[in-house]
Amino acid sequence: MQINQVMVIGAGQMGAGIAQVFAQAGLRVKLNDLNAEVLQNGLEGIKKRLAKAVDKEKMTEQEKQQVLGNLEATTELRAASDCDLIIEAVVEKMEVKTKVFQSLDAIAPAHAILASNTSSLPITEIAAVTNRPSQVIGMHFMNPVPVMKLVEIIRALQTTDETYEVIKQMTEKLNKTPVEVNDFPGFVSNRILMPMINEAIYTVYEGVSSVEDVDTVMKLGMNHPMGPLTLADFIGLDTCLSIMEVLHDGFGDSKYRPCPLLRQYVKAGWLGRKSGRGFYSYE
Ligand code: CAA
Ligand code: NAD
């Protein structure tokens with residue numbers, strides 16, 4: 001199957017990055033968000049990153065213009081009607097994602113593959129709300145998308161080998177490394193990463209150490225590029241909480257209980273970098 005026209009739903013930090021890497025690989029991409037301001041910010045972010053690449057002589061001005069020429073912004077979901085591959089990157093809430101997939105299923109051409117960038121939610125359940133479950137798959141990019149090499153490819157129970165192969169080859173075309181994963185809560189990446197972040201929050205909550213010191217221990221002691229609390233702010237605390245809830249509900253094991261401090265921060269609207277405040281301040 002030939003993929004020419006791609007659409008990305010949700011232009012937040014992940015959606016904008018995903019659109020950028022597809023456009024850089026020479027595909028035409030429509031970037032969609034409900035919120036026109038977010039959509040504009042997403043495009044501005046892409047332009048800034050490409051301009052920086054030109055400054056660093058990693059890309060020519062002409063290549064930058066070509067990439068930008070591959071991108072189109074739209075607030076209309078109907079624009080999915082001529083797309084071959086659609087990747088959903090909206091908020092980590094099952095009820096929002098299933099509505100988006102039902103709408104896309106009605107709009108997109110019969111041959112189109114519908115992928116989700118979900119961090120943890122069951123792809124099998126998302127696939128089941130569509131009339132094309134064999135063409136639904138998880139395509140889990142890592143943040144920041146233009147930099148990180150990994151894409152977890154999650155097969156729903158219903159996903160066919162053909163759909164998997166198309167997405168695997170597409171991932172390689174993006175110059176990223178695919179890893180095949182079965183559909184279990186948190187997949188591999190967040191089943192391992194998120195309990196570590198949650199435990200880091202517990203160490204602060206229980207007064208074992210300060211935010212800065214916990215991060216220093218993991219940065220200098222374990223050579224992590226970012227401390228876990230800096231990383232939590234970077235991912236988004238709402239997303240971290242949603243993932244912990246999926247692990248907790250999905251496995252029914254108390255070892256995944258979200259730290260009360262994480263819940264409290266999310267209730268306060270302290271979502272990390274994207275809201276200006278989380279474990280650190282970004283004002
Ligand atoms: N978006 C795009 N590019 C970015 C970026 C961003 N937000 N932040 C940094 N970069 C780019 C820079 O432009 C730079 O690119 P060039 O080398 O081409 O110039 C490169 O990354 C390195 O940047 P810096 O030198 O400024 O900073 P750094 O060396 O400290 O690296 C980092 C920054 C790559 C983000 C690094 O801190 C890191 O790897 N952090 C951990 C990231 C991580 O763990 N991601 C996974 C999160 S979990 C996830 O994604 C799954 C989930 O479902 C929650
Ligand atoms: P974000 O909050 O930055 O962006 C989500 C965007 O979705 C918002 O701009 C919102 O306006 C938009 N949106 C909500 N409902 C919509 C709809 N019905 N139609 C179109 N747009 C809609 O979130 P994010 O960090 O980009 O995360 C998006 C998805 O990617 C989540 O499923 C998350 O779990 C996953 N993910 C996040 C990370 C991360 O580090 N943040 C990493 C990998 C995967």
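Both counts, for ligands and for their atoms, begin at 1 and track the order of listing.
At a distance under 4.0 Å, no protein heavy atom can be found next to atom 30 (O) of ligand 1. For atom 9 (C) of ligand 1, the protein comes within 4.0 Å by no heavy atom at all. Of the protein's heavy atoms, at least one falls inside 4.0 Å of atom 6 (C) of ligand 1. Proximity of atom 12 (C) of ligand 1 to the protein is indicated by at least one non-hydrogen atom lying closer than 4.0 angstrom. For atom 45 (N) of ligand 1, the protein comes within 4.0 Å by at least one heavy atom. Within a 4.0 Å radius of atom 51 (C) of ligand 1, the protein contributes one or more non-hydrogen atoms. Checking atom 27 (O) of ligand 1 against the protein gives no heavy-atom contact under 4.0 Å. Of the protein's heavy atoms, at least one falls inside 4.0 Å of atom 16 (P) of ligand 1.
With S275 contributing its side chain and L271 its backbone, the two residues share a donor-acceptor pair below 3.5 Å. A distance-only check finds no donor-acceptor pair linking the side chain of T130 to the backbone of Q102 [under 3.5 Å].
Neither V246 nor I235 shares a network with the other; the hydrophobic side chains, linked directly or stepwise wherever heavy atoms of I, L, V, M, F, W or Y lie under 4.5 Å apart, form separate groups for each. In the hydrophobic cluster analysis, where Ile, Leu, Val, Met, Phe, Trp and Tyr join through side-chain heavy atoms closer than 4.5 angstrom, V136 is grouped apart from I18.
Close approach to M142 involves these atoms of ligand 1, each under 4.0 Å from a residue heavy atom: 49 (C), 50 (O), 51 (C). Listed by atom number, the atoms of ligand 1 under 4.0 Å from L231 heavy atoms are 43 (C), 44 (O), 47 (C). Near K58, meaning under 4.0 Å from any of its heavy atoms, are these atoms of ligand 1: 16 (P), 17 (O), 18 (O), 19 (O). For ligand 1 and S119, the ligand atoms under 4.0 Å from any heavy atom of the residue are 52 (C), 53 (O). Those atoms of ligand 1 with a heavy atom of P144 less than 4.0 angstrom away are 1 (N), 2 (C), 5 (C), 6 (C), 7 (N), 35 (C). Residue K52 approaches ligand 1 through these ligand atoms, each under 4.0 Å from one of its heavy atoms: 12 (C), 13 (O). Every atom of ligand 1 with a heavy atom of K56 under 4.0 Å away is listed here by number and element: 16 (P), 19 (O).
Looking at N143 against ligand 1, both its backbone and its side chain come within 4.0 Å, counting heavy atoms. With a 4.0 Å heavy-atom cut-off, ligand 1 is reached by the side chain of N190 but not by its N, CA, C or O. Looking at M148 against ligand 1, only its side chain comes within 4.0 Å, counting heavy atoms.
Nearest protein neighbour of atom 4 (O) of ligand 2, counting heavy atoms only, is G12 CA, 3.4 Å. With respect to atom 36 (N) of ligand 2, the closest heavy atom belonging to the protein is S119 OG, 3.1 Å. Closest protein heavy atom to atom 3 (N) of ligand 1: V147 CG2, 3.4 Å. Atom 3 (O) of ligand 2 has Q13 N, 3.2 Å as its closest protein atom, hydrogens excluded (heavy atom only). The protein heavy-atom contact nearest to atom 6 (C) of ligand 2 is D33 OD2, 3.7 Å. If you check which protein heavy atom lies closest to atom 36 (C) of ligand 1, you get P225 CB, 4.0 Å. Looking from atom 37 (C) of ligand 2 to the surrounding protein, the closest heavy atom is M14 CG, 3.4 Å. Of the protein's non-hydrogen atoms, R49 CD, 3.3 Å is the one closest to atom 2 (C) of ligand 1. Looking only at protein heavy atoms, the nearest one to atom 18 (N) of ligand 2 is V100 CG2, 3.5 Å. Atom 48 (S) of ligand 1 has L193 CD2, 3.5 Å as its closest protein atom, hydrogens excluded (heavy atom only). The protein atom (non-hydrogen) at minimum distance from atom 19 (N) of ligand 2 is L34 CG, 3.5 Å. Closest to atom 41 (N) of ligand 2, if we only count protein heavy atoms, is I235 O, 2.8 Å.
Where the criterion is an N or O separation shorter than 3.5 Å, residue side chain and backbone included, N117 meets it with respect to ligand 2. Not a single N or O atom of F141, backbone or side chain, sits closer than 3.5 Å to an N or O atom of ligand 2. Checked against a 3.5 angstrom limit, the closest N/O atoms of E88 and ligand 2 fall outside it. Between G15 and ligand 2, no N or O atom pair is found at a separation short of 3.5 Å. In terms of polar-atom proximity, T118 is not counted as a contact of ligand 2, lacking any N or O under 3.5 Å from an N or O of the ligand. Of the N or O atoms in H140, none lie within a sub-3.5 Å distance of an N or O in ligand 2. At least one N or O atom of N143, backbone or side chain, sits closer than 3.5 Å to an N or O atom of ligand 2. Annotation: K274 places an N or O atom under 3.5 Å from an N or O atom of ligand 2; distance criterion only.
Residue contacts with ligand 1 include H140, since one or more of its heavy atoms lies under 4.0 Å from the ligand.
Contact check for L39 versus N32: no side-chain heavy atoms found under the 4.5 Å cut-off.
Looking at T124 and D183, their side chains do bring a donor and an acceptor atom within 3.5 Å of each other. Side-chain contact annotation: T163 with Q135, donor-acceptor N/O pair under 3.5 Å absent.
Considering V8, N190, V90, L77 only, the shortest heavy-atom separation from atom 31 (C) of ligand 2 involves V90.
Between K30 and E76 there is no salt bridge, since no side-chain nitrogen of the basic residue lies less than 4.0 Å from a carboxylate oxygen of the acidic one.
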